[in-house]
Structure formats: C-alpha cells, structure tokens
Amino acid sequence: QEKVQQSPESLIVPEGAMVSLNCSFSDSASQSIWWYQQHPGKGPKALISIFSNGNKKEGRLTVYLNRASLHVSLHIKDSQPSDSAVYLCAALNTEGADRLTFGKGTQLIIQP
Amino acid sequence: NAGVIQTPRHKVTGKGQEATLWCEPISGHSAVFWYRQTIVQGLEFLTYFRNQAPIDDSGMPKERFSAQMPNQSHSTLKIQSTQPQDSAVYLCASSLVWGASSYEQYFGPGTRLTVL
C-alpha cells in the first residue's frame, strides 16, 4: 500500500522568504503527485500537480519530482502571510486502487 | 458554482447513536469521494463512487459505516452505533472525471463529528 511521508512537520519563516516542503512516496508506479493547501476549518484545495520527472512552475510555486529517489518537493517563492496553512502531499496510484493517498501534512506559518 | 456542499457542518452524537452526513457534489462531476481526517491519522480515504456506482470502499470500517449515492446530486455517509473513536472531520470531494488523469478533487468544508 502506498505510503506518503512529509517533512518538516511544521515550519515558521519570515514573510518574503523561500519555503521548501518535502514529500517522499513509496511506490514508483504512482501516476502523479499532488499538493493541496488547507486552511483551518476548510477543506483541502489543490495547488499544483506533477506527472513527469522534472519540475513544473506555476506562479510563485515550483514543484520538483524525482521518481528514482521517490521524492517530490514544493517551493513557494516570496512567501506571504496568506500562505500560512497546512500543506498536504498526495500520491495517485491507479494500479488496483484508483485513489489518492495523503501525507500527514506540513504546518506552515509565515510571520509578517 | 457553490462548490461541494456538506451538511451539517457540526454534529454531536451520543455513544451508540446513528449519524448521517450529507454531501452535494459539484454539478456535472462524475466522481465523489469520502475521507476522514484526524490529527493522529491525517486524511484517510474511505470510499468513492463513479457515476453513482460504488467503485472502492476498501477504506470503510465494514461493520458500522455505509455510503450511498442515490442520485447524481447527493451522497450520504451513515455511521451506525457511533463510538468516540469515530470523532473526526468527514470530508467529501468531487471530481469531473477520475482515473489515470489530471483532474483535481474539489473538497467540501467537512462535517465535524463529535461522539460523546
């Protein structure tokens, strides 16, 4: 069964700093990796996904996927206080189980 | 577009009582998912439907949990004989299509269930 682990558990950075979040997954057959953002009292919201080895940039977000090392990272440039939230990494594996498996998340706090 | 709607937002039950949670997916979305979220376990998959048909319920505790999707506009999650360990936020999500594709899941705000 797919396992997804995230680090760090929590992170506090000053406004404007670059944020780097890490995620490892157990199954190299994972079709895609998703990053979700969750604010208190709200459901998760999809931010960005990646399917191919390499990187993908959308606005202030860049995600890197390395299938050989089973690792993916999310980088947030020029962080804002509104970026404060829990960030969830999720792996999609469609072999036998057509579902997303989530990590436990990283709590990010951006200090003004 | 109101997004995924979940009702009630909060529910308190006594041990042994039944709880029914409702979800209205985004109109036109063919896949509906149920998850449970706790501090300890994180976000756990429970079950999902595609075009109203149950596809995978492998995450559901078998004895007391059941889910249905009687029509394309709503799904229910029923928990019989609730126990304190069932206390969690139950999240519903929908997706335009699902499978080996890039379509994202849209989550509702969740129902916080507290079992006393």
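Keep in mind that the numbers below use all heavy atoms, side chains included, and drop hydrogens, waters and symmetry copies. These numbers come from a predicted model, not from an experiment. Here is how names work: the chains are called A, B, and so on, in the same order as the sequence lines, proteins then strands, and each is numbered from 1.
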Heavy-atom count check: over 12 atoms from other residues, nucleotides or ligands less than 6.0 Å from B:L116 CG?
yes
Atom group of A:K45 that falls short of 4.5 Å from chain B, counting heavy atoms:
neither
Working for side-chain contact (heavy atoms from CB on, under 4.5 Å), residues B:L46 and B:Y90
CA-CA 10 Å; B:L46 293 176; B:Y90 290 82; 4.0 Å; yes
Side chain / backbone / both / neither for B:L91 at chain A, heavy atoms under 4.5 Å:
side chain
Could you check whether A:H75 and A:S73, counting side-chain N and O atoms only, form a donor-acceptor pair closer than 3.5 Å?
yes
Any A:Q80 side-chain heavy atom under 4.5 Å of A:E15 side chain:
yes
Need one label for B:E44: side chain, backbone, both or neither, based on atoms under 4.5 Å from any heavy atom in chain A.
neither
Donor-acceptor contact below 3.5 Å, side chain B:S73 vs main chain B:E24:
no
Counting heavy-atom pairs under 4.5 Å with chain A, the top scorer among B:C92, B:P109, B:A93, B:G59 is B:P109
List the residues meeting side chain to side chain contact (heavy atoms under 4.5 Å, CB included) with B:D57, not counting sequence neighbours, and say none if there are none.
B:T47, B:M60, B:K62
Under 4.5 Å from any heavy atom of chain A - which part of B:Y106
neither
Residues of residues 101-111 of chain A near chain B, each having a heavy atom less than 4.5 Å away:
A:F102, A:K104
Heavy-atom contact with chain A under 4.5 Å, split by part of B:R9
side chain
Without hydrogens or angle criteria, can the side chains of B:Q105 and B:Y48 be said to hold a donor-acceptor pair below 3.5 Å?
no
With a 4.5 angstrom heavy-atom cut-off, which part of B:V40 approaches chain A: side chain, backbone, both or neither?
backbone
For B:R112, does the CZ atom have more than 12 heavy-atom neighbours from other residues, nucleotides or ligands under 6.0 Å away?
no
Got a sec: does the CD of B:Q85 have more than 12 other heavy atoms crowding it under 6.0 Å?
yes
